[in-house]
There are 2 protein chains.
Amino acid sequence: MAKRDHAQVCAEFCTHPEILDKVKPEMPDEERLYDLAELFKVFGDTTRIRILYVLFESEMCVCDIAELLNMTQSAISHQLRVLKQARLVRSRREGKTVFYALDDDHVRTIIGQGMEHLEESHGRRKKHEEDL
Amino acid sequence: MAKRDHAQVCAEFCTHPEILDKVKPEMPDEERLYDLAELFKVFGDTTRIRILYVLFESEMCVCDIAELLNMTQSAISHQLRVLKQARLVRSRREGKTVFYALDDDHVRTIIGQGMEHLEESHGRRKKHEEDL
DNA sequence: CAAACATATGAACATCTGTTCATGTGTTAG
DNA sequence: CTAACACATGAACAGATGTTCATATGTTTG
């Protein structure tokens, strides 16, 4: 039961049945799409991105990261938990300190592609800075 | 002025100066990291992910997408605006209808890598479902 | 055991985000 | 021009999110 009330949301000649029928079976299950969005949410925060960048260079303990990013130990710890739950980092205990490291090479690719996109779309953005 | 008050946030022997000095210059500017996080925020929503998946198959008009995803035309339009501002989709007018299409091939790579990560980390997750 | 330290975590709070609802804009047909 | 339609958008509201603060857990040292 599609939501077509207000006017009539596209007459029949607008919704192209061939396309709809072709696209529908290609869609992954809702659960996969949900998990995927959840994963990208993890990348969608400056603090977590900065943490990942820091870990590109070397494994590191919590307080090192906190100092590097000039943030509270608590804030960093909370975010490391999010990154760990997303399987993007792993932790290793050594005495009192806990070392965190990247746990997946897809991270580099994803962030790299994100950066490339920024470069490229920035290049394209010339004379129409704001086109809302 | 790093925030080291509560206890002392890691004694000097914990924060490894060599590592800090090595990592610091490798960090991109704050602005780039902010933009990157903003970009991934766009991927961090089920509706937008579903829209992108739909556009993988074919360019499409707003009401087609709304019908496919069984959502309001308004909701879809709002999200298309977000995707367009992030330069992930472009639009083309043809009479009354507006067609949207992917505007960047990095999108496929990024989503593909995200999916791969899910497969892989799902595989690794065996006997420790919840390890908060 | 107690003290010191590195890290983890729960609650609270302010901010951000996505959808809905109502309405505005741009285009075509009559 | 007017009506109908496809789409865009502003305001508002509920739900999600990140940081802070206080405190708990786990480890080493004496």
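In what follows, every chain begins at residue 1, and chains take the letters A, B, ... in the order their sequences are listed.
At whole-Å resolution of the value, CZ in Arg93(B) and P in dC5(D) are 16 Å apart. Between the P atom of dT19(C) and the CG atom of Leu69(B) lies a distance of 10 Å, rounded to the nearest Å. A straight line from NZ of Lys96(B) to P of dA6(D) spans 6 Å, rounded to a whole angstrom. In this entry the distance linking CD of Gln79(B) with P of dT19(C) reads 5 Å, nearest Å. Rounding to whole angstrom units, CD of residue Glu67(B) and C1' of dA6(D) are separated by 14 Å. With rounding to whole Å, Asn70(B) atom CG is found 15 Å from dT20(C) atom C1'. Atom P of nucleotide dA8(C) and atom CG of Leu80(A) are separated by 7 Å, given to the nearest angstrom.
The shortest distance between the side-chain N/O atoms of Tyr100(A) and the OP1/OP2 oxygens of dA8(C) is below 4.0 Å. When the side-chain nitrogen and oxygen atoms of Thr72(A) are compared with OP1 and OP2 of dT20(D), one or more of them lie within a distance under 4.0 Å.
Nearest-nucleotide assignment on DNA chain D puts the 5′-proximal partner with Ala75(A), out of Ala75(A) and Glu94(A). Checking Ser91(B) against Ser74(A), the closest nucleotide of DNA chain D that is more toward the 5' end is the one next to Ser91(B).
Every residue two or more places apart in sequence or in another chain that forms a side chain to side chain contact (heavy atoms under 4.5 Å, CB included) with Val98(A) is listed here: Ser91(A), Arg93(A), Tyr100(A). Residues that satisfy the salt bridge (Lys or Arg N to Asp or Glu O under 4.0 Å) test with Asp104(B), not counting sequence neighbours, are Arg124(A).
Comparing dA8(D), dT7(C), dG18(D) against the side chain of Val98(B) picks out dA8(D) as the nearest. Candidate nucleotides dA8(C), dC7(D), dG26(C) were compared by shortest atom distance to the side chain of Cys61(B), and dC7(D) ranks first.
Each ring pair (Phe, Tyr, Trp, His ring centres under 6.0 Å) pair with one or both residues in residues 67-94 of chain B, not counting sequence neighbours, would appear here, but there are none.
Heavy-atom distances under 4.0 Å link DNA chain D to no residue of residues 33-56 of chain B.
Listed by first residue number, the stems of DNA chain C with at least three Watson-Crick or G-U pairs below 3.5 Å are C:1-30 with D:1-30.
Using modelled atom types, no side-chain atom of Arg90(A) and backbone atom of Lys84(A) make a donor-acceptor pair closer than 3.5 Å. Put simply, the side chain of Arg48(A) gets close to the backbone of Val42(A): a donor and an acceptor are under 3.5 Å apart. Side chain of His117(B) to backbone of Leu88(A): no donor-acceptor contact under 3.5 angstrom is found.
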Return a table of donor-acceptor pairs under 3.5 angstrom between the side chains of residues 52-59 of chain B and protein atoms on other chains or two or more places apart.
residue	atom	partner	partner atom	Å
Glu59(B)	OE1	Arg92(B)	NE	3.4
Glu59(B)	OE2	Arg92(B)	NH2	2.4

If you look only at distance, which donor and acceptor atoms sit under 3.5 Å apart when one is on a side chain in residues 22-40 of chain B and the other is two or more places apart or in another chain?
residue	atom	partner	partner atom	Å
Arg32(B)	NH2	Glu119(A)	OE1	2.9
Arg32(B)	NH2	Glu119(A)	OE2	2.7
Glu38(B)	OE2	Lys41(B)	NZ	3.0

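By the 4.5 Å heavy-atom criterion applied to side chains, Met71(A) and Arg50(A) are counted as neighbours.
Put simply, the side chain of His78(A) and the base of dT20(D) share a donor and an acceptor less than 3.5 Å apart. Residue side chain Gln73(B) does not reach the base of dA6(D) through any donor-acceptor N/O pair under 3.5 Å, judged by distance alone.
When each of Val89(B), Leu83(B), Val82(B) is checked for a side chain to side chain contact (heavy atoms under 4.5 Å, CB included) with Ile51(B), only Leu83(B) meets the rule.
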